[in-house]
A.B. asks: 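Quick one: this structure, given as structure tokens, is what I'll be asking you about.
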Amino acid sequence: MVGQRLAGKRCFVTAAAQGIGRAAALAFAAEGAEVIATDRDAAKLAELNAPGLTTAVLDMLDASAIEAAAKQAGVIDVLFNCAGFVHQNTILTATEAEWDFAFDLNVRSMWRMLRAVLPGMIERKRGAIVNMSSACSSIKGAPNRFIYGTTKAAVIGLTKSVATEYVREGIRCNAICPGTVDTPSLGERIAANATQAGGLDAARSAFVARQAMGRLATAEEIAALAVYLASDESGFVTGQAIVIDGGWTL
Ligand code: NAD
């Protein structure tokens with residue numbers, strides 16, 4: 001359902017060129033927000049069009065680019081920290097390089113983005129922050145997700161810390177914890193698992209089977225939760241890690 005739940009709000013979205021970030025940027029715009037949709041992929045960003053939506057190239061691994069983008073954006077009422085990467089590894093196969101990359105992108109980039117955006121929110125005594133975590137985090141373990149689950153658990157800790165620090169300043173901070181969502185990067189993980197699983201269909205079925213509902217989430221279903229957390233409807237919700245997983249954690 002589309003309305004005006006974000007009218008008058010300026011929303012900044014990271015990793016918005018595809019998948020959940022893209023769906024959220026479009027959903028925010030459809031709800032009347034001004035949206036700054038950012039991603040490192042300029043070509044895919046250029047395909048993103050909606051009234052009220054502007055795009056900016058931003059690599060979330062680039063500290064000075066994050067600062068510059070936040071400055072350029074001006075007032076930000078809503079920050080959706082969506083950028084993240086899924087490594088498939090165990091504690092024994094993971095590499096130091098994968099650990100560093102995942103913590104840089106999945107956690108440190110959120111800290112940098114928040115550091116750039118929070119002073120304005122504190123000054124205006126207004127802000128809603130939505131951080132992308134996962135059901136695979138401190139909520140539940142998943143096979144072959146050692147570094148990924150560890151970073152997404154850190155996102156929940158970061159979220160609770162920010163929520164606690166600024167609960168009296170009009171700023172809310174929540175995390176979204178999805179199960180498996182049908183996005184382009186899931187397609188890459190399915191392809192990577194195909195040989196071991198006995199084909200693409202079998203690899204996809206293994207992901208589907210994890211959800212008790214017997215299907216994957218759509219990016220739009222996750223975006224709908226992001227809209228709620230960004231909007232004033234969730235004004236009494238802060239510091240929460242909200243699971244949206246088709247029953248994976250039942
Ligand atoms: P995706 O992986 O399909 O797309 C990711 C987007 O991030 C791309 O547009 C890419 O260009 C961009 N990106 C990658 N590195 C970047 C960087 N350094 N700076 C800026 N942009 C960058 O998207 P997705 O599957 O929707 O995942 C988005 C988020 O949701 C991630 O944090 C992921 O961990 C999380 N998540 C996904 C699932 C799932 O099943 N797909 C489940 C739980 C959580």
Side-chain angles (χ1 to χ4, degrees), residues 12-27 36-48 55-66 68-70 79-88 98 100-110 112-113 130-142 144-145 147-156 158-159 175-193 203-204 206-208 210-211 215-223 225-226 241-246 248-249:
F12 192 102
V13 184
T14 72
Q18 70 176 32
I20 298 165
R22 179 179 194 278
L26 292 173
I36 302 137
T38 70
D39 198 286
R40 67 166 180 190
D41 189 330
K44 277 206 202 104
L45 259 187
E47 295 165 13
L48 201 53
T55 61
V57 176
L58 175 59
D59 182 348
M60 289 301 289
L61 291 171
D62 183 337
S64 51
I66 288 174
L79 169 63
F80 182 24
N81 258 326
C82 187
F85 183 79
V86 184
H87 286 107
Q88 306 201 75
E98 287 172 336
D100 289 343
F101 179 86
F103 268 89
D104 274 350
L105 183 56
N106 298 7
V107 189
R108 193 191 297 262
S109 80
M110 285 191 186
R112 287 174 168 160
M113 196 68 236
V130 182
N131 293 328
M132 181 53 81
S133 179
S134 172
C136 170
S137 55
S138 50
I139 293 164
K140 121 180 243 352
N144 224 19
R145 293 289 182 278
I147 289 177
Y148 180 69
T150 307
T151 62
K152 292 300 189 180
V155 169
I156 293 175
L158 180 153
T159 298
I176 296 183
C177 303
T180 312
V181 188
D182 206 354
T183 64
S185 78
L186 178 70
E188 288 162 23
R189 289 191 289 286
I190 288 172
N193 293 353
R204 189 178 173 83
F207 277 104
V208 172
R210 300 197 308 192
Q211 267 57 224
R215 69 171 180 86
L216 303 176
T218 65
E220 288 70 26
E221 286 174 311
I222 312 303
L225 177 55
I242 298 178
V243 176
I244 172 166
D245 72 346
W248 193 18
T249 50

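As the structure lists them, so they are numbered: ligands from 1, and atoms in each ligand from 1. Note that this is a predicted model, so its numbers are computed, not measured. Starting from 1, each residue takes its place in the sequence as its number.
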A.B. asks: Please check if the side chain of Q211 supplies one atom and the backbone of A217 the other of a donor-acceptor pair under 3.5 Å.
C.D. replies: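 Not a single qualifying donor-acceptor pair exists.
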
A.B. asks: Under 3.5 Å, is there a donor-acceptor pair linking the side chains of Q18 and D41?
C.D. replies: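 No, no side-chain donor-acceptor contact under 3.5 Å.
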
A.B. asks: Where is the nearest protein heavy atom to atom 27 (O) of ligand 1: which residue, which atom, and how far?
C.D. replies: I20 CD1, 4.4 Å

A.B. asks: To the nearest 0.5 Å, what is the distance between CE on M113 and CG on L58?
C.D. replies: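 Answer rounded to 0.5 Å: 6.5 Å.
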
A.B. asks: Indicate yes or no: at least one non-hydrogen side-chain atom of V181 is less than 4.5 angstrom from one of L186.
C.D. replies: no

A.B. asks: Hey, does T14 sit under 4.0 Å from ligand 1 if you only count heavy atoms?
C.D. replies: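 It does not; every heavy atom stays at 4.0 Å or beyond.
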
A.B. asks: Rounded to the nearest 0.5 Å, how far apart are CD of E221 and CZ of R215?
C.D. replies: 4.0 Å

A.B. asks: So which bit of S133 gets within less than 4.0 Å of ligand 1, heavy atoms only: side chain, backbone, both or neither?
C.D. replies: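 It is the backbone that gets close, since no side chain atom is under 4.0 Å.
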
A.B. asks: For atom 12 (C) of ligand 1, what is the closest protein heavy atom, and at what distance to 0.1 Å?
C.D. replies: D39 OD2, 3.3 Å

A.B. asks: Give a yes/no on ligand 1: does M110 have at least one heavy atom closer than 4.0 angstrom to it?
C.D. replies: no

A.B. asks: Provide the number and element of each atom of ligand 1 under 4.0 Å from a heavy atom of S134.
C.D. replies: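 Result: 43 (C).
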
A.B. asks: What I want to find out is whether R108 reaches D100 closely enough, with some N-O distance under 4.0 Å, to be called a salt bridge.
C.D. replies: no

A.B. asks: Distance under 4.0 Å to a non-hydrogen atom of T180: what atoms of ligand 1 satisfy this?
C.D. replies: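 Near T180, the atoms of ligand 1 are 40 (O).
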
A.B. asks: I need the T14 OG1 to I36 CD1 distance, nearest 0.5 Å.
C.D. replies: 12.5 Å

A.B. asks: Using side-chain heavy atoms (C-beta onward) and a distance below 4.5 Å, is D39 in contact with K44?
C.D. replies: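 Not touching, per the 4.5 Å side-chain cut-off.
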
A.B. asks: Is any side-chain heavy atom of D182 less than 4.5 Å from a side-chain heavy atom of R204?
C.D. replies: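 In contact.
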
A.B. asks: Heavy-atom distance under 4.5 Å between the side chains of N193 and Q88, does that happen here?
C.D. replies: yes

A.B. asks: At under 4.0 Å between heavy atoms, is it the side chain or the backbone of T38 that contacts ligand 1, or both, or neither?
C.D. replies: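 For T38, no heavy atom sits under 4.0 Å from ligand 1.
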
A.B. asks: Give yes or no for whether the N/O distance cutoff of 3.5 Å, strictly under, is met between C82 and ligand 1.
C.D. replies: yes

A.B. asks: When rounded to the nearest 0.5 angstrom, what distance separates CD1 in I222 from CD1 in I244?
C.D. replies: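 That separation rounds to 4.0 Å.
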
A.B. asks: Nearest 0.5 Å, please: how far is CD1 in I156 from OG in S134?
C.D. replies: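 It is 8.5 Å, given to the nearest 0.5 Å.
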
A.B. asks: If you measure from each heavy atom of K44 to ligand 1, is any distance below 4.0 Å?
C.D. replies: no

A.B. asks: Any non-hydrogen atom of E188 lying under 4.0 Å from ligand 1?
C.D. replies: no

A.B. asks: Which residue holds the protein heavy atom closest to atom 18 (N) of ligand 1, what is that atom called, and what is the gap in Å?
C.D. replies: D59 OD1, 2.9 Å

A.B. asks: To the nearest 0.1 Å, how far is atom 24 (P) of ligand 1 from its closest protein heavy atom, and which atom is that?
C.D. replies: T183 OG1, 3.7 Å

A.B. asks: Please list the nearest protein heavy atom to atom 42 (C) of ligand 1 with its residue and the distance rounded to 0.1 Å.
C.D. replies: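 Residue, atom and distance for the closest contact: G179 O, 3.1 Å.
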
A.B. asks: Report yes or no: does a heavy atom of Y148 sit under 4.0 Å from some atom of ligand 1?
C.D. replies: yes

A.B. asks: Where on L186 is there a heavy atom closer than 4.0 Å to ligand 1, on the side chain, on the backbone, on both, or on neither?
C.D. replies: neither

A.B. asks: Is there a side-chain contact between V155 and M132 (heavy atoms, below 4.5 Å)?
C.D. replies: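 The answer is no; the side chains never approach within 4.5 Å.
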
A.B. asks: Using 0.5 Å steps for rounding, measure from the OG1 atom of T151 to the CD atom of E98.
C.D. replies: 12.0 Å

A.B. asks: May I ask you to check whether D41 has an N/O atom sitting below 3.5 Å from an N/O atom of ligand 1?
C.D. replies: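 Such a contact does not occur with ligand 1.
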
A.B. asks: Provide the number and element of each atom of ligand 1 under 4.0 Å from a heavy atom of R189.
C.D. replies: 39 (C), 40 (O), 41 (N)

A.B. asks: Short list, please: which atoms of ligand 1 are under 4.0 Å from a heavy atom of A83?
C.D. replies: 32 (O)

A.B. asks: Does V181 reach ligand 1 with a nitrogen or oxygen that is under 3.5 Å from one of the ligand's nitrogen or oxygen atoms?
C.D. replies: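 Right, the criterion is met.
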
A.B. asks: Got K152 and I139 here, is their nearest side-chain heavy-atom distance under 4.5 Å?
C.D. replies: no

A.B. asks: Of the listed options (Q18, R40, M60), which comes nearest to atom 16 (C) of ligand 1 when hydrogens are ignored and any heavy atom counts?
C.D. replies: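 The option holding the nearest heavy atom is R40.
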
A.B. asks: Quick test: of every protein heavy atom, which one is nearest to atom 20 (C) of ligand 1, and how far off is it to 0.1 Å?
C.D. replies: L58 O, 3.2 Å

A.B. asks: So do the side chains of N81 and M60 get within less than 4.5 Å of each other, counting heavy atoms only?
C.D. replies: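 When only atoms from C-beta onward are counted, M60 and N81 do touch, with a gap below 4.5 Å.
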
A.B. asks: Counting non-hydrogen protein atoms only, what is the nearest one to atom 7 (O) of ligand 1? Give residue, atom name and distance.
C.D. replies: A15 CB, 3.3 Å

A.B. asks: Do side-chain atoms of T55 reach the backbone of T38 as a donor and acceptor pair under 3.5 angstrom?
C.D. replies: no

A.B. asks: Using a 3.5 Å cut-off on N or O atoms only, is G19 in polar contact with ligand 1?
C.D. replies: no

A.B. asks: Has ligand 1 got any nitrogen or oxygen that is less than 3.5 angstrom from a nitrogen or oxygen of P178?
C.D. replies: no

A.B. asks: Which one holds for K152 and ligand 1: side chain close, backbone close, both close, or neither close, with close meaning a heavy atom under 4.0 Å?
C.D. replies: side chain

A.B. asks: For the 3.5 Å polar cut-off, considering only N or O atoms, please tell me whether S185 and ligand 1 meet it.
C.D. replies: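 Between S185 and ligand 1, an N or O pair is found under 3.5 Å apart.
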
A.B. asks: With the threshold set at under 4.0 angstrom, would you say P184 reaches ligand 1 through any of its heavy atoms?
C.D. replies: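 Yes, P184 has heavy atoms under 4.0 Å from ligand 1.
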
A.B. asks: For atom 35 (C) of ligand 1, what is the closest protein heavy atom, and at what distance to 0.1 Å?
C.D. replies: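 Result for atom 35 (C) of ligand 1: M132 CG, 3.4 Å.
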
